[in-house]
Amino acid sequence: MNVKKLIASVLLSVVLPGAAMAAQASFAVSGVTVNLIDLDTTDGVTPSITFNTEYGYAGYTIRHLPGYNDYISGGTNFGAVHNSSQWAIADASVGTRSLSLGVQTLQANVTAELSARSDTLFTLSKNTLAIFSVPYTVSLTKSSKEFLDTSFKFSAGVPGSYFDSDYTFRRGQVSSTLFGEIYTGSSAGEGSLNLLATIYTSTSGTPPIPEPGTYAMLLAGLGVIGWRLRQRNATSV
């Protein structure tokens, strides 16, 4: 074997195993539909829901192991962020009651974490049942040596009525719709609608450790919503 062929064979043996490690994941919610039902047709009130203040965040962190400080990250409060590197391609976006995440790893020993959340405050008329419909699409592809986990949290509530649903996806392609409902009594209710999606993927053979920023984002969002609701309830008394 000549020198050129020997060098080529060595390069292929080094590069191809890493390049073959490619996980792909995407998750999207295009919007939220609300159907209202009048629980008391004698009160003279037409069922209504008014969406008020909105909060959002979308971001990503991509690491190349084993160096813990060898990473790239980005984020935005509303809008979209994109990164294309030798390690992975990542997209994250958040809009009005909508969010989207997508990632494709390109090498071995890479972990990626993407997250997006949308929080909306609203006012629901009295004696009203609100049924929330959330259409979503998820697509996951990986090999047996890779770790891939996608989760989605969908919740809404007003004083006295609340639902909180968690879903986890690890393989396959699904397009479906999730549902949840809340109701008010003899007075209108101030509430919040919350959507949170995350994607964790790793081509190192071990699950990635969620970034502290993800927990901070979740806690900060819940804290803001709770504070706003307390302020509104105190004002209405």
Task: Closest heavy-atom pair and its distance - G102, L114 - done: O-CD2, 3.3 Å

Task: Under 4.5 Å side-chain linkage, directly or through intermediates, the cluster mates of I131 - done: I37, L39, L129, Y183

Open item on the list: Between T184 and S125 (side chain of the first, backbone of the second, donor and acceptor by atom type, cut-off under 3.5 Å), is there such a pair?
Closed with: yes

TODO: Using the ring-ring contact (aromatic ring centres under 6.0 Å, His included) rule, collect all pairs that involve residues 91-118, keeping only residues at least two apart or in two chains.
DONE: none

Sequence neighbours excluded and cut-off under 3.5 Å, please list the side-chain donor-acceptor pairs for residues 87-98, or say none.
| from | atom 1 | to | atom 2 | distance (Å) |
| --- | --- | --- | --- | --- |
| D91 | OD1 | H82 | ND1 | 2.6 |
| D91 | OD2 | H82 | ND1 | 3.4 |
| R97 | NH1 | E54 | OE2 | 3.4 |

Task: Considering all heavy atoms, the nearest A156-I182 contact - done: O-CG2, 3.7 Å

- [ ] Could you tell me whether the side chain of V138 reaches within less than 4.5 Å of the side chain of F152, counting heavy atoms only?
- [x] no

Open item on the list: Please find the pair of heavy atoms, one from T177 and one from S133, that lie closest to each other, and give the distance.
Closed with: CG2-CB, 4.1 Å

Task: Gap between atom OG of S186 and atom NZ of K126 - 0.5 Å precision - done: 7.0 Å

Task: Residue pair F163 / F132: nearest heavy atoms and the distance that separates them - done: CE2-CD1, 4.0 Å

TODO: Apply side chain to side chain contact (heavy atoms under 4.5 Å, CB included) to S48 and T46, showing your working.
DONE: CA-CA 6 Å; S48 65; T46 301; 5.9 Å; no

- [ ] Measure the spacing between CZ of R117 and NZ of K153 and express it to the nearest 0.5 Å.
- [x] 9.0 Å

Solution key, residues 23-36 side-chain donor-acceptor pairs under 3.5 Å, sequence neighbours excluded:
none

- [ ] Quick one: pull up CG in L121 and CZ in F51 and give me the separation to the nearest 0.5 Å.
- [x] 11.0 Å

TODO: With the side chain counted from C-beta on, respond yes when S85 and I72 share a heavy-atom pair under 4.5 Å apart, and no when they do not.
DONE: yes

TODO: Over all heavy atoms of both residues, which pair between A58 and V81 is shortest? Give the atoms and the distance, please.
DONE: O-CG2, 4.2 Å

Open item on the list: Quick check for you: to the nearest 0.5 Å, what is the distance between R63 atom CZ and S202 atom OG?
Closed with: 12.0 Å

Task: For Y162, ring-ring contact (aromatic ring centres under 6.0 Å, His included) partners two or more places apart - done: none

Task: G191 to V158 - nearest heavy-atom pair and separation - done: CA-CG1, 3.9 Å

- [ ] List the steps and the verdict of side chain to side chain contact (heavy atoms under 4.5 Å, CB included) for Y55 and N77.
- [x] CA-CA 8 Å; Y55 305 92; N77 289 330; over 6 Å; no

Open item on the list: Has T203 got a side-chain atom pairing as donor or acceptor with Q107's backbone, closer than 3.5 angstrom?
Closed with: yes

Task: Nearest-0.5 Å distance, OG of residue S84 to CD1 of residue I62 - done: 9.0 Å

TODO: Ignoring hydrogens and angles, state whether a donor on the side chain of T123 or T50 is under 3.5 Å from an acceptor on the partner side chain.
DONE: no

TODO: Could you please spell out the steps behind the side chain to side chain contact (heavy atoms under 4.5 Å, CB included) verdict for V174 and Y136?
DONE: CA-CA 8 Å; V174 178; Y136 72 91; 3.6 Å; yes

- [ ] Nearest 0.5 Å please: distance from the OH atom of Y60 over to the OG1 atom of T76.
- [x] 11.0 Å

Task: side-chain hydrogen bond (donor to acceptor under 3.5 Å, both in side chains) involving N127 - partner list, sequence neighbours excluded - done: D43

